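Contents: one structure, followed by commentary.
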2 protein chains.
Amino acid sequence: MTQKDDFDLREFLPYLLNQAAEISSQSFQRIYKGRYGMLRTEWRVLFHLAIYERMTAKDICEKAIMHKTKVSRAVQRLEQRRYLQRKPDEKDRRHEWLTLTSQGRAVYEDLRAHAQQHDQVLMQKLSTEEITVLRRALNALSQP
Amino acid sequence: MTQKDDFDLREFLPYLLNQAAEISSQSFQRIYKGRYGMLRTEWRVLFHLAIYERMTAKDICEKAIMHKTKVSRAVQRLEQRRYLQRKPDEKDRRHEWLTLTSQGRAVYEDLRAHAQQHDQVLMQKLSTEEITVLRRALNALSQP
DNA sequence: GGTTGTTAGTTACATTTTCAACTATTACCA
DNA sequence: TGGTAATAGTTGAAAATGTAACTAACAACC
């Protein structure tokens, strides 16, 4: 198993990004899955609603860059657990406004605390300068 | 939909990493999926075999940080398409040595060219300094 | 030498995701 | 006004993934 090719996978950005994303997500996954049986799609929706307070599923699709079926199903499960409420828009009944319940907000507060703590741990692997550049670069790469 | 919370998702590394990974993978995905009907797991295995020439499934699991069932299934599909061959180890028949066929290498060469081109496009969004720091940071974050 | 433990890899089943088709509502425009 | 197009969101079937249990081969130890 000796390297032969001049092409190095560890320089290929999509590969590197996936690797880093996968590994750095794992320990946070254990938290939201272990404590609340949630999926990745679900914590994302929950966090978006906590941060923006009031969104339609469409808004979430755009902000979180998630497919509408993913969002739809995440919303269903969060509703079943009474973490969010739906209210149809009066003027355009195709839209549904989503907001967290107090229960949902409580879950968010708990997860957010863990998220921030988790982020601290990750950042310990990097210098402050690296963190700044990394965030900037990741944001740039997130523009489609 | 106005931001309320002081916690910013766009600073949470696992989120940012996932977003960037997702988006930057998409156009490469169109290529390996469109041209060869391959999955992400499959191009990864293919690339590893091209680069390291001869590996067992276990080796690939470790290098690529993929679960053994993923690797097992990717190997099956690559074998069906005649992109790789298996040879049991003579001394320890639990091991199987995997190597690409010439067909598999041809597919790799094609995909590699596209990968490099795709990487160029991605890197245009960044300065050379950002690229250096990004790669270093991603490698650091990829250590579990 | 036979029992027990380990390792490489596969398979079966449950859970998630994807893709396409669907409903319901509003917009557009002749 | 009526008919077609567009939009928000849901659903069902197929594909992919995760988890755990499994087989086969070897190792170790008494």
Side-chain angles (χ1 to χ4, degrees), chain A residues 1 18 21-23 25-30 32-34 36-46 48-49 54-81 84-99, chain B residues 1 18 21-23 25-26 29-30 32-34 36-46 48-49 54-81 84-99:
Chain A
M1 196 181 89
N18 258 297
E22 207 62 42
I23 288 164
S25 295
Q26 276 174 5
S27 84
F28 185 53
Q29 176 176 358
R30 273 192 291 278
Y32 59 75
K33 195 173 178 183
Y36 303 104
M38 285 171 74
L39 304 173
R40 197 166 47 155
T41 50
E42 294 166 28
W43 80 257
R44 288 198 179 198
V45 167
L46 187 87
H48 274 87
L49 286 175
R54 184 181 129 90
M55 302 173 92
T56 67
K58 180 97 197 291
D59 293 334
I60 299 175
C61 291
E62 284 164 7
K63 274 276 174 204
I65 316 188
M66 287 170 66
H67 194 269
K68 60 184 181 173
T69 61
K70 270 192 191 171
V71 172
S72 171
R73 283 172 168 133
V75 166
Q76 275 175 32
R77 296 187 46 163
L78 292 173
E79 191 192 21
Q80 277 167 16
R81 289 164 208 211
L84 65 76
Q85 282 180 323
R86 320 160 93 119
K87 271 185 199 146
D89 185 304
E90 286 307 317
K91 301 205 169 149
D92 185 342
R93 262 163 308 166
R94 286 174 304 183
H95 296 79
E96 273 194 327
W97 292 102
L98 306 170
T99 48
Chain B
M1 195 181 88
N18 257 296
E22 206 62 43
I23 288 164
S25 295
Q26 277 173 5
Q29 177 175 359
R30 273 191 291 277
Y32 60 75
K33 195 173 177 182
Y36 304 103
M38 286 172 72
L39 303 173
R40 198 167 44 157
T41 51
E42 294 166 27
W43 81 256
R44 288 197 179 198
V45 167
L46 186 88
H48 274 87
L49 287 175
R54 182 182 131 90
M55 302 173 93
T56 67
K58 180 96 197 292
D59 294 334
I60 299 176
C61 291
E62 283 164 8
K63 274 275 174 206
I65 316 187
M66 286 169 66
H67 195 270
K68 59 184 180 173
T69 61
K70 270 193 190 171
V71 172
S72 171
R73 290 197 260 244
V75 167
Q76 274 176 32
R77 295 187 47 161
L78 291 172
E79 190 192 22
Q80 277 167 17
R81 288 164 209 211
L84 66 76
Q85 281 179 323
R86 321 160 94 120
K87 272 186 199 146
D89 185 304
E90 287 306 319
K91 303 206 168 148
D92 185 341
R93 262 165 307 167
R94 287 173 304 182
H95 297 79
E96 273 193 327
W97 291 102
L98 306 171
T99 48

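Owing to the predicted nature of the structure, the values given are computational and were not obtained by experimental measurement. Order of the sequence lines fixes the chain letters, A, B, ..., with proteins taken first and strands second; residue numbering starts at 1 for each chain.
As rounded to whole Å, 16 Å separates atom C1' of C:dT26 from atom CD of A:E96. The CG-C1' distance, from A:D92 to C:dA24, rounds to 11 Å in whole Å. Here C:dG5 presents its P atom at 16 Å from CZ of B:R94, a figure rounded to the nearest Å. The NE2 atom of B:H95 sits 10 Å away from the C1' atom of C:dG9 (whole-angstrom rounding). Look at CZ on A:R73: it is 12 Å from P on C:dT16, rounded to the nearest Å. In this structure, B:M55 places its CE atom 14 Å from P of C:dA8, rounding to the nearest Å. The nearest whole Å value for the distance from the NZ atom in B:K58 to the C1' atom in C:dT6 is 11 Å. Here C:dT17 presents its P atom at 15 Å from NZ of B:K33, a figure rounded to the nearest Å.
Contact annotation for B:R77: backbone-only contact, meaning every heavy-atom pair under 4.0 Å involves sugar-phosphate atoms and none involves a base. Across all strands, B:R86 comes closer than 4.0 Å only to sugar-phosphate atoms, never to a base (heavy-atom distances).
The footprint of chain B on DNA chain D, defined by a heavy-atom cutoff below 4.0 Å, extends from D:dA16 to D:dC26.
A residue-by-residue look at B:R93 and A:E62 shows that A:E62 has its nearest nucleotide of DNA chain D further toward the 5' end. Both A:G37 and A:K91 lie near DNA chain C, and the one whose nearest nucleotide falls closer to the 5' end is A:G37.
Not a single salt bridge (charged side-chain N to carboxylate O under 4.0 Å, His left out) links A:R93 to another residue, sequence neighbours left out. Applying the salt bridge (charged side-chain N to carboxylate O under 4.0 Å, His left out) rule to B:D89 yields no partners; only residues at least two apart in sequence or on another chain are considered. By the salt bridge (charged side-chain N to carboxylate O under 4.0 Å, His left out) test, B:K58 pairs with B:E62, sequence neighbours left out.
Inter-residue side-chain proximity for B:E22 and A:I65 is flagged as unmet; no heavy-atom pair is nearer than 4.5 Å. At least one side-chain heavy atom of B:R44 sits under 4.5 Å from a side-chain heavy atom of A:N18. Using a 4.5 Å heavy-atom cutoff, the side chains of A:M55 and A:L98 are not in contact.
The only member of B:R86, B:R54, B:K87 that meets salt bridge (charged side-chain N to carboxylate O under 4.0 Å, His left out) when paired with B:E96 is B:R86.
Atoms NZ and NE2, from B:K63 and B:H48 in turn, are 7.0 Å apart once rounded to the nearest 0.5 Å. Considering NZ of B:K70 and CG of B:L39, their distance stands at 10.5 Å, rounded to 0.5 Å.
When the local axes at the two ends of the helix from C:dG1-D:dC30 to C:dA30-D:dT1 are compared, using 5 base pairs at each end, they differ in direction by 10° after rounding to 10°.
Taking the six-membered ring where the residue is Trp, B:Y32 and B:W43 present tilted rings, their angle falling between 30° and 60°.
Residues B:L78 and B:L46 approach most closely at CD1-N, 4.0 Å, considering heavy atoms.
Between B:Q76 and the phosphate of C:dG9, there is no side-chain N or O to OP1/OP2 separation shorter than 4.0 Å.
No donor-acceptor pair under 3.5 Å is formed between the side chain of A:S72 and the backbone N or O of A:K68.
The stretch residues 65-72 of chain B touches DNA chain C through B:K68, B:T69, B:S72, each having a heavy atom under 4.0 angstrom from the strand.
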